[in-house]
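Read the structure below first, then the notes.
So that the names make sense, note that chain A is the first sequence line, chain B the second, and so on, each numbered from 1.
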Amino acid sequence: MVSMNSTALTKAFEPQAFESSIYQFWQETGCFDASDVSVPDQQPFCIVIPPPNVTGVLHMGHALTNTIQDILVRWRRMKGDNTLWLPGTDHAGIATQAQVEKAIAKEGKGPEGRPLSRHDLGRKKFLERTWKWKEEHAGEITNQLRRLGSSLDWKRERFTMDEGCSRAVREVFVRLYEEGLIYRGERIINWCCRCQTALSDLEVIPTDRKGNLWQLRYRIVDAQGAPVLNADGSQAELLIATTRPETLLGDTAVAVHPEDERYLHLHGKFAVLPLVGRKIPVIVDAYVDREFGTGALKVTPAHDFNDADLGKKHGLPVISVMGKDGRISAEGGGYQGLKFAEAREKVLQDLEQQGALVKREDHAQKVGLCQRCDSVAEPMVSKQWFVQIESLARPAIEAVESGKIEFSPKNWEKTYFEWMRNIRDWCISRQLWWGHQIPAWYCSQCEGITVSRTTPSSCSKCQAGSSALKQDEDVLDTWFSSALWPFATLGWPEKTSALKTFYPTSILETGFDILFFWVARMIMMGLHFMGEVPFRKVYLHAMVRDEKGEKMSKSKGNVIDPLVLIGQHGADPLRFTLTAMAGQGRDVKLSVDRVEGYRAFANKIWNATKFYLLQFEDAQGGPITEPTEGVAAWLEAHRAELSAADRWILSRLQAVAESVEGGFARFELNESATALYDFFWKELCDWYIEFSKVPLRQGGEARYRTLMVLGHVLEQSLRLLHPIMPFVTEALWQALPWKKIANTPARVRDGKPAVMTLMFQSFPVAQNSWRDAEAERTIGALRNVVEAIRNFRGENNLSPRVEFPLRYLSTSASAVAFLEKNEAAILTLARVQKLERLTSAPASGAETGGSEPAFEAVILLTDPAVELRISLAGLVNVGEEIKRLKKEMERVKDDLDFVRGKLAKESFTAKAPAALVEKERQRERELADQWKDLSQGLARLERMAGGTS
RNA sequence: UGGAGCGUAGCUCAGUGGCAGAGCACCGCCUUCACACGGCGGGGGUCGCUGGUUCAACCCCAGUCGCUCCAACCA
């Protein structure tokens, strides 16, 4: 048996004192380790981590996703599953390369005094540098995940560029190529001039920009180049509208709507491109919007996605006028070498000079920005590798349609379908160095392509030797390797036992922002290569924002650093906050106040446990011995001896266990969190522990019994809380006197030593036999009595130090019995001197002339049905009590009016359920009685006030 | 343009066809022997707006306004 050294509990919750040592204990004793093979009747449960960028730092989004995953994993582990949470990091092509390039640039100057670039180092040296950078930084984020408490199986940690993943990438690439699903082609793609690479559609963020809409005048000619004249003999012209005049250098057509009457006479004619002089056809296509601009548009197939489609449809030539450096290419004639923005100005100037610029107006437009660097992404034609995606998408759509994969929240399925059904081929080549180099070789002899899992020794087309072969310089999109994550990390393409045990994985938990980037692609690749979905359920959490609901960003300076919060308040309060606030379908607006509030909750748990332990040490009559049969069995055997409070808290424990389980199962973790918060604080601490002080003081059997109940409830609560707050619960659980290993996880049965940890205790299951409606009613009544007296005290600003006797009057035998039985609890909780039963209403002192109390407060209760009386002599002046009574009467009056109004309507009494009507009638009677008693009490007090003044 | 989500107390959010809830903040009283990171009490809301369904609507339906996000072919 491996155990932890437990130390005395500090006075208050101090997470810094135990978090790191507890994590170390878990990790060193193998608590996180999964087993490649489940034991009989053990379920596998697996989540693969969404791999964070290897050189990244933990932000709130990571904190949220990993908290949620850790909760699910810890919960399933406690339920006895063979649980694997697989860690790893992503090489993050562009992001990482950019970091290293930045570092190099700072280091020195290259030729001509420019900052040193990767090209000065060369590919080999640069990659060496990047690997070194990766090794230096990789530990940072994984250590941060540890600080959060993540129970990841670190022995299986993977990296998207490790040997296994790289092999999987090559395998997938080659197979898809052989199946014709990967091709190389010259097509329009998004190009980031700053990052100098192609981007996929997803990596370009459409952004609103203020722009202009210009109208340009084109001259119309016929096929022979002769001017076309209007009816009046003037030169026929066409006005087109454009937001990007500089692209006209590459225009190969103008387009109008086929039914646009303004342009019918131009069908089959040609336009002369200003500045360039090229004769281009007027094409007709229903795609053109007649309402927009002039209803005529210029077509630039090389630099606009829609125009590319049009060009393809109409067989237009593609003229690329922009280079990868973001400057006009040789095709641009006199504009060559200008940057796009410069070219625009020059083109406009020249057009104006020629009289071809007709009009300029303001126009809001969308400009695509590079996701990484925020610079404008230019559509241009380029030779790239693509995945032919449609045949991969089809089964991926079906998998969700058929329910083999379920999304939560469900409405994301709609978004998923929408995207998948309109999916475009995926550009997978990137002009970077950091990443998986494309396993394609070009032959200098025959120009053939050889695609191979390993470096080929000869050209597959002409058999030329390896010296004739040159590997493609480009690397694959980072998301290409991420798409293989669920099976590559489990050993694919080898048929490993881990793959057999854990694929398909159970749940994929991530943010909806990478639904298309990652989730959809994993589904496609998983289905294609494993023949099975990669996961059964997808849970998409919301975004973490600041307390104002704004996206956290470095530039806004509103970033809340999870590590700072962990340092200040501990990992558990942060985890609890994220859990409590992560309701489905709603952004998480994180406020530090909230974290502080839940730190107080952790402190509450801490002190409640301390209270219990204190009782243990103070036991009178020798140390308390553990029942040999165990606490749970003891409780079962002694059920009949339990008090109402005992049965009540045990009943409530079942209710909270059910809520917690339900919340976890339905991904409504906030429900689990709030159920635990309310139970632990408001029921266990505020009431049960207060009740328990009476029997604990009493000693003997009552004390023993109470310690059994309290110990049991506390220990079960720690189990229920553990998935959300692993550190503090483990620290406290280790300090408990009696612990048994309750279940036998796989690793114990493997013959390794068992570990004494809360992590492996069975997760409480609600037991209906402990549900006790009668006890819940009793305690409810008891609370009513205590609260009524506290309320009286509060409203009269009476210090708890001021004790007074309480007298009561009741015609209900059960109410009398109830008060007699619970006298001790009432005296303690309401701080009452003594409890005295009256058999008849006392007359006021003035009426009897005797020694009866001069005047009394009257408090009416319906459950229990009693009239409480508190002598006011020396406590409260009559005026104050009259005020209180009047306020009370007002409340009763309002309620009574409401109920009577309801009952007065025949439509209600006739159509509402009979039970409800009866309930309302009952309520009306009670309120009427109260009203009567209160008015009598008030009249008496007013007489008294009159008499004494 | 289409789709989704959200509008409930000063703030952040739960919530249910049957008399509106929590945390924080606020105001009283209390250093009561687990906890001042605490205890007890209190004030505070036309549940965005307008209609409809219903005996009964914060909840269901239709519309409307506002905010946020996503997908987009209006150059």
message = From C-beta outward on A:S907, which listed nucleotide comes closest to its side chain: B:C55, B:G23, B:A34?
response = B:C55
task = Indicate, with a heavy-atom threshold strictly under 4.0 Å, whether A:F516 touches base, sugar-phosphate, or nothing.
result = sugar-phosphate
request  = Determine the Euclidean distance between corresponding P atoms of B:C11 and B:U1; express it in Å to zero decimal places.
outcome  = 32 Å
query = Separation of A:R793 atom CZ from B:C29 atom P, in whole Å?
reply = 15 Å
key: Of the listed nucleotides B:C55, B:G43, B:A75, the one nearest the side chain of A:L297   = B:A75
request  = Would you indicate which nucleotide in B:G41, B:A4, B:C55 comes nearest to any side-chain atom of A:N411?
outcome  = B:A4
request  = In whole angstrom, give me the gap between the C1' atoms of B:U50 and B:G10.
outcome  = 28 Å
task = State whether a side-chain donor-acceptor pair under 3.5 Å links A:D285 with A:H257.
result = no
Spacing of A:K919 atom NZ relative to B:A56 atom P, expressed in whole Å = 19 Å
ask   = Under 4.0 angstrom, heavy atoms only, what part of the nucleic acid is A:D678 near: base, sugar-phosphate, or nothing?
value = nothing
note = Considering only heavy side-chain atoms of A:W419, the closest of B:A72, B:G38, B:C69 is B:A72
query = Could you give the CG-to-C1' distance, from A:N607 to B:G38, as a whole number of Å?
reply = 9 Å
task = Return the nearest nucleotide to the side chain of A:L614; candidates are B:U12, B:G43, B:A34.
result = B:A34
remark   = Per atom distances to the A:D289 side chain, the nearest of B:C24, B:C29, B:A75 is B:A75
query = Taking atom C1' in both B:A25 and B:C13, what distance in whole Å separates the two?
reply = 14 Å
ask   = When you check the phosphate oxygens OP1 and OP2 of B:A34, does a side-chain N or O of A:K693 lie under 4.0 Å from one of them?
value = yes
ask   = If pairing requires Watson-Crick or G-U wobble contacts with both distances under 3.5 Å, which nucleotide is the partner of B:U32?
value = none
request  = Considering only NZ, NE, NH1 and NH2 on the basic side and carboxylate oxygens on the acidic side, decide whether A:E418 and A:R421 come within less than 4.0 Å.
outcome  = no
inquiry  = Taking B:U46 as the reference, what is the distance to B:C6 when you measure between their P atoms (whole Å, please)?
reply    = 23 Å
ask   = In whole angstrom, what separates A:Y598's OH from B:A22's P?
value = 13 Å
query = Between B:U68 and B:G28, how far is it from one C1' atom to the other, in whole Å?
reply = 41 Å
task = Using a heavy-atom cut-off of under 4.0 Å over every strand shown, decide if A:V288 touches base, sugar-phosphate, or nothing.
result = base
request  = Answer with base, sugar-phosphate or nothing: what part of the nucleic acid does A:R790 contact at a heavy-atom distance below 4.0 Å?
outcome  = sugar-phosphate
remark   = In whole angstroms, the gap separating P of B:C70 from CD of A:E418 amounts to 15 Å
message = From C-beta outward on A:Y287, which listed nucleotide comes closest to its side chain: B:A22, B:G18, B:A75?
response = B:A75
Side-chain N,O (A:N791) to OP1/OP2 (B:G42) below 4.0 Å = yes
task = For B:G45, give its Watson-Crick or G-U wobble partner with both distances under 3.5 Å, or none.
result = none
task = Check the side chains of A:E926 and A:Q922 for a donor-acceptor pair under 3.5 angstrom, ignoring hydrogens and angles.
result = yes
remark   = Out of B:C69, B:G38, B:A75, minimum distance to the side chain of A:A600 belongs to B:G38
task = Could you tell me whether A:E690 contacts a base, only the sugar-phosphate backbone, or nothing, with contacts defined as non-hydrogen atoms closer than 4.0 Å?
result = base
message = Quick check for you: among B:C13, B:C55, B:G23, whose closest atom lies nearest to any side-chain atom of A:A912?
response = B:C55
inquiry  = When both hydrogen-bonding distances must be under 3.5 Å and the geometry is Watson-Crick or G-U wobble, what is B:C58 paired with, if anything?
reply    = none
key: Candidates B:C73, B:A72, B:U12 - which lies nearest the side chain of A:K366   = B:A72
inquiry  = Under a 4.0 Å threshold between the charged nitrogen and the carboxylate oxygen, would A:E19 count as salt-bridged to A:R575?
reply    = no
inquiry  = What's A:W214 touching, base or sugar-phosphate or nothing? Going by heavy atoms closer than 4.0 Å.
reply    = nothing
message = Testing A:F601, A:F18, A:F611 one by one against A:W606 for a ring-ring contact (aromatic ring centres under 6.0 Å, His included), which residue passes?
response = A:F18
request  = Provide the distance between the two P atoms, one in B:A20 and one in B:G44, to the nearest whole Å.
outcome  = 15 Å
key: Under 4.0 angstrom between A:K414 side-chain N/O and B:A4 OP1 or OP2   = yes
query = For A:T243, which contact category applies under a 4.0 Å heavy-atom criterion: base, sugar-phosphate, or nothing?
reply = sugar-phosphate
request  = Taking only Lys NZ, Arg NE, NH1 and NH2, and the carboxylate oxygens of Asp or Glu, determine whether A:R424 and A:D309 approach each other closer than 4.0 Å.
outcome  = yes
message = Need one value for A:P206: base, sugar-phosphate or nothing, where a base atom within 4.0 Å counts as base even if backbone is also close, heavy atoms only.
response = nothing
query = Would you call the rings of A:F691 and A:W687 parallel, tilted or perpendicular, where under 30° means parallel and over 60° means perpendicular?
reply = tilted
Atom-to-atom span, CG of A:L578 to P of B:C13 - whole angstrom = 13 Å
task = Take the protein atom CG of A:L916 and the nucleotide atom P of B:G17, then report the distance between them rounded to whole Å.
result = 14 Å
query = Looking at A:A825 and A:L782, what are the two nearest heavy atoms and their distance?
reply = CB-CD2, 4.2 Å
request  = Specify the separation, in whole Å, of atom CG of A:D304 and atom P of B:C73.
outcome  = 10 Å
query = Relative to the ring of A:Y416, is the ring of A:F407 parallel (under 30°), tilted (30 to 60°) or perpendicular (over 60°)?
reply = tilted
query = With both distances under 3.5 angstrom, what nucleotide forms a Watson-Crick or G-U wobble pair with B:C67?
reply = B:G5
inquiry  = Please report the distance separating the P of B:C61 from the corresponding atom of B:U53, rounded so that it comes out in whole Å.
reply    = 15 Å
inquiry  = Can a side-chain donor-acceptor contact be found between A:T247 and A:K298 if the only test is distance below 3.5 angstrom?
reply    = yes
ask   = Expressed as a whole number of Å, how far does the C1' atom of B:G51 sit from that of B:C73?
value = 38 Å
request  = For A:M543, report the nucleic acid contact type (base, sugar-phosphate, nothing); a contact means any heavy atom under 4.0 Å.
outcome  = nothing
task = Indicate, yes or no, whether a donor-acceptor pair under 3.5 Å links the base of B:C35 to the side chain of A:K604.
result = yes
request  = Just call it for A:L310: base, sugar-phosphate, or nothing, with non-hydrogen atoms closer than 4.0 Å on any strand.
outcome  = nothing
remark   = Walking RNA chain B from its 5' end, the first of A:Y677 and A:G794 to be reached, judged by nearest nucleotide, is A:Y677
request  = Establish, with yes or no, whether the OP1 or OP2 oxygen of B:A36 is under 4.0 angstrom from a side-chain nitrogen or oxygen of A:K11.
outcome  = yes
query = Looking only at side-chain N and O atoms, does A:K610 come under 4.0 Å of OP1 or OP2 in B:A34?
reply = no
ask   = For B:G23, what is the paired nucleotide under Watson-Crick or G-U wobble rules, both distances under 3.5 Å?
value = B:C11
